[in-house]
Amino acid sequence: MIDNNQKPTNGDAILVMKQLCKNYQLGTVELRVLREINITINSGEYVAIMGPSGSGKSTLLNMIGCLDRPSSGSYLLGGQDVSQLEDDDLSAIRGARIGFVFQSFNLIAQLNVIENIEIPMFYQSYGEAESAERAMKLADMVGLGDRMKHRPSELSGGQQQRVAIARALANDPLIILADEPTGNLDSGSGADILGILDRLHGEEKTLIVVTHDENIATHAQRVIRLFDGRVAEDTYNYHKG
Amino acid sequence: MFLFRFKRTLKLGVKSLWMHRLRSTLTMLGIIFGVSSVVAMLAIGEGASRDAQEKISQLGSRNIIVKTISPPEDKSSVGQQQTLKEYGLTYDDAERFRGAIPNVRVLVPNRRISKQALYRNSRISIEVIGTVPWYPEISPLRVKYGRFITSIDTHYKQAVCVVDEFVRKELFAFDDPLGQNVKIGGDYYRVIGISTAEKSTTSASQDNSGDNGGGANVGKIYIPLTTAQTRFGDTTLQVGAGGSPTLERVELQEIIIQSQSIDQVLSTRRSVQTVLSRFHKKNDYEIIVPLELMKRAKDVQRIFTIVLGSIAAISLLVGGIGIMNIMMATVSERTREIGIRRALGARKRDIIMQFLSETLILTLCGGVLGMGVGSLVPALVTYFGQMRTVITPGSLIMAFGISAAVGIAFGIYPAYRAANMDPIESLRHE
Ligand SMILES: Nc1ncnc2c1ncn2[C@@H]1O[C@H](COP(=O)(O)OP(=O)(O)O)[C@@H](O)[C@H]1O
Ligand SMILES: [Mg+2]
């Protein structure tokens with residue numbers, strides 16, 4: 001059902017949302033969190049999603065990441081309609097095609113750096129040696145080659161977020177999603193993270209980053225602004241590619 | 001790959017259990033107690049059952065044992081002194097059984113008298129058993145040296161005897177008893193054989209009313225029944241409870257009948273009952289059917305096992321509830337971890353496996369330790385309580401199976417709860 005080998009070439013639309021809505025039923029009141037979202041994102045794009053608090057950024061990101069299903073409308077990820085899939089299929093898609101980076105790092109405290117990076121591979125068909133080798137390579141790549149056996153509590157916030165990015169890359173996903181990745185970091189560490197994201201963009205990864213930091217938005221090629229659950233603005237930073 | 005996944009899941013489970021060592025240990029204790037009580041109780045039950053079965057089968061499963069018992073005192077004669085009490089089985093009874101009951105294979109009339117035996121300077125209390133040549137056919141008694149009583153001995157009322165191992169040890173110490181003469185009740189008897197020591201048959205009877213009933217540790221000397229009849233007569237002097245002596249006349253202490261097959265035991269028993277009730281007005285006999293005792297013992301054993309089993313099952317249930325409780329706490333503590341794993345590609349069944357394997361590690365470790373403790377307890381019971389215990393492989397397999405079943409039964413719900421949490425909410429959970 002899910003074909004991992006199907007890799008779109010740069011510039012192809014890998015994400016297409018049409019008239020996508022998300023409502024929450026709060027008692028008798030219907031809360032319309034996302035309203036008629038129409039977005040197309042191409043492979044290799046670096047997109048920042050901005051907007052005031054409560055405008056639906058996280059909800060949209062969760063939707064893109066297949067953690068949530070739309071109330072109406074369609075969502076095609078890598079050419080596949082994922083809006084009505086079963087839970088197991090959504091899990092499989094998350095594992096194979098999505099890499100999540102969270103504001104609060106979300107590493108598992110009992111596991112060391114390598115073990116944390118290995119989690120997504122654990123749920124895919126990786127062998128033991130293959131998985132360990134790849135995790136070490138990724139740890140190296142984010143500059144934590146000398147911290148592989150450390151627990152999250154023994155790392156700084158910036159280091160933890162770098163582990164999280166390595167983990168997001170573990171299954172070589174189609175899209176990397178980051179929800180305010182620098183929100184819990186000091187400016188120095190934040191800059192490190194942005195540096196890594198830039199590098200990933202250079203390697204033609206597709207990045208979607210939620211932020212309300214205008215400075216971060218300047219790193220992106222494209223900025224989608226949400227207001228009250230609608231796309232209020234969708235602009236390209238022409239100075240970037 | 002599957003093995004890797006299994007190894008990882010196991011490692012993860014052990015790791016998170018290790019993080020909460022005290023909690024895991026306390027939880028496991030419930031299972032340890034439960035399983036060890038199952039094993040121990042079954043071992044004690046099995047031991048008791050085998051003991052009873054063995055005792056009874058010594059009596060012979062095809063045998064019907066009719067015993068003389070002292071009849072209850074006549075109400076009207078309380079206070080009066082009876083000079084001669086006459087009761088019990090007679091030679092006529094034996095003849096009647098022989099004539100009237102079909103399917104009798106062997107019939108053995110026995111006269112049992114408590115006496116003193118003398119050899120050189122030794123003197124011990126023994127039980128003299130006047131019996132017939134075919135007595136060994138219906139009892140576990142075996143002649144080890146020499147021979148048993150023959151029909152010629154019986155016919156000529158020979159003063160010969162067979163002593164059992166116990167008597168040989170106590171009375172003859174260093175001499176070879178064969179050919180020696182033992183003095184019993186004023187007469188000498190030549191030892192013609194040495195037999196194995198029989199366990200006393202009276203121990204299987206609930207009301208131990210046999211006057212001459214030798215205890216388990218009394219040596220036995222077998223002589224021809226005819227000899228016993230002529231030498232000792234049928235009358236014995238008994239000292240009653242009040243200290244006043246009474247004369248008792250009893251011909252036979254027991255008649256053992258063996259039917260041709262096990263199927264005929266109960267019908268033979270009925271015939272025996274019919275014959276006896278016609279000729280005995282007093283209640284001066286009892287009929288012991290080892291086969292019935294065996295059945296009764298099995299019934300008692302079954303009830304015993306059910307009761308013990310339920311107690312053990314309840315303690316396992318409590319242990320299981322304890323586990324479920326802890327797993328619920330674990331799941332809610334690790335809500336965020338569950339959310340993370342779900343976001344990173346874990347399916348519901350992966351989460352179920354993760355938590356279920358944790359429960360199973362707990363219960364199976366508890367099960368194995370419980371089997372150890374459960375095997376130790378019966379050993380202590382045997383050592384200090386002088387009780388026989390038997391641990392069967394079946395009970396160990398059962399205990400292990402039960403602990404696995406408890407693990408799955410009480411682990412599945414918390415695991416299911418974990419798997420069905422909404423990933424987004426789990427991620428938002430503090
Ligand atoms: N599970 C939910 N049930 C009800 N309302 C929700 C739920 N999730 C989000 N919301 C509401 O949807 C709106 C958008 O939330 P969110 O996407 O988290 O905003 P943002 O990330 O832009 O701050 C908020 O008003 C929030 O209260
Ligand atoms: Mg948000």
Side-chain angles (χ1 to χ4, degrees), chain A residues 2 4 22 24 58-59 61-63 65-69 86-112 115-132 151-152 164 167-171 173 177 179, chain B residues 1-21 23-24 329-358 361 415-430:
Chain A
I2 295 113
N4 272 323
K22 181 69 189 178
Y24 286 112
S58 295
T59 307
L61 203 73
N62 289 339
M63 200 68 70
C66 295
L67 278 170
D68 212 345
R69 264 178 286 216
E86 293 298 313
D87 196 88
D88 273 4
D89 297 326
L90 289 178
S91 296
I93 288 175
R94 286 198 295 270
R97 315 201 119 183
I98 308 288
F100 281 102
V101 177
F102 304 94
Q103 179 175 3
S104 49
F105 325 132
N106 277 342
L107 300 179
I108 294 176
Q110 302 100 286
L111 305 181
N112 65 30
E115 288 165 332
N116 264 292
I117 297 173
E118 281 185 296
I119 297 171
M121 290 186 270
F122 177 65
Y123 298 111
Q124 306 299 319
S125 44
Y126 279 87
E128 187 171 9
E130 199 185 353
S131 161
R151 295 288 178 83
R167 184 177 68 183
L169 293 170
N171 286 331
L177 304 177
D179 195 346
Chain B
M1 187 197 81
F2 174 77
L3 206 71
F4 163 53
R5 199 172 270 217
F6 180 74
K7 216 171 94 186
R8 251 314 150 76
T9 309
L10 217 65
K11 198 175 150 197
L12 195 70
V14 170
K15 198 176 238 172
S16 80
L17 290 174
W18 185 247
M19 269 200 32
H20 303 282
R21 283 179 287 282
R23 194 161 86 175
S24 303
T330 302
V331 165
S332 91
E333 252 171 39
R334 288 159 68 187
T335 302
R336 198 176 178 99
E337 176 189 334
I338 294 162
I340 295 168
R341 288 180 179 279
R342 295 279 281 134
L344 300 182
R347 292 161 304 176
K348 285 184 178 177
R349 82 181 86 122
D350 295 320
I351 301 295
I352 288 182
M353 278 316 297
Q354 184 183 339
F355 285 95
L356 199 56
S357 64
E358 232 171 83
I361 291 168
Y416 182 81
R417 277 268 296 251
N420 280 292
M421 292 194 298
D422 179 46
I424 297 173
E425 300 216 344
S426 312
L427 279 170
R428 218 180 274 143
H429 192 267
E430 280 315 312

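Any value given below was found using the heavy atoms of this structure, including those in side chains, with hydrogens, waters and symmetry copies removed.
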_Atom NZ of Lys15(B) with >12 non-hydrogen neighbours under 6.0 angstrom_ =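 Yes, because the 6.0 Å sphere around NZ of Lys15(B) holds more than 12 heavy atoms from other groups.
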_Residues Leu427(B), Asn62(A); criterion side chain to side chain contact (heavy atoms under 4.5 Å, CB included); working and verdict_ = CA-CA 11 Å; Leu427(B) 279 170; Asn62(A) 289 339; 5.8 Å; no
Minimum heavy-atom separation for [X] and [Y], please, with both atom names.
X	Y	answer
Leu344(B)	Tyr123(A)	O-CD1, 4.3 Å
Ser16(B)	Gln110(A)	CB-NE2, 4.2 Å
Ala346(B)	Ser91(A)	O-OG, 3.3 Å
Ala343(B)	Phe102(A)	CB-CZ, 4.0 Å

*Any chance you could measure Asp68(A), atom CG, to Ile424(B), atom CD1, to the nearest 0.5 Å?*
3.5 Å
*asked:* Just verifying a value: how many Å separate Arg8(B) CZ and Met121(A) CE, rounded to the nearest 0.5 Å?
replied: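 One gets 9.0 Å once the value is rounded to the nearest 0.5 Å.
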So for [X], is it side chain, backbone, both, or neither that comes closer than 4.5 Å to the heavy atoms of chain B?
X	result
Asn106(A)	both
Ile98(A)	neither
Glu115(A)	side chain

*For chain A, find its close neighbours in residues 331-339 of chain B: heavy-atom separation under 4.5 Å, sorted by number, or none.*
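Answer by number: Arg334(B), Arg336(B), Glu337(B).
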_Do Ile340(B) and Phe100(A) make a side-chain contact, defined as non-hydrogen atoms from C-beta onward lying under 4.5 Å apart?_
no
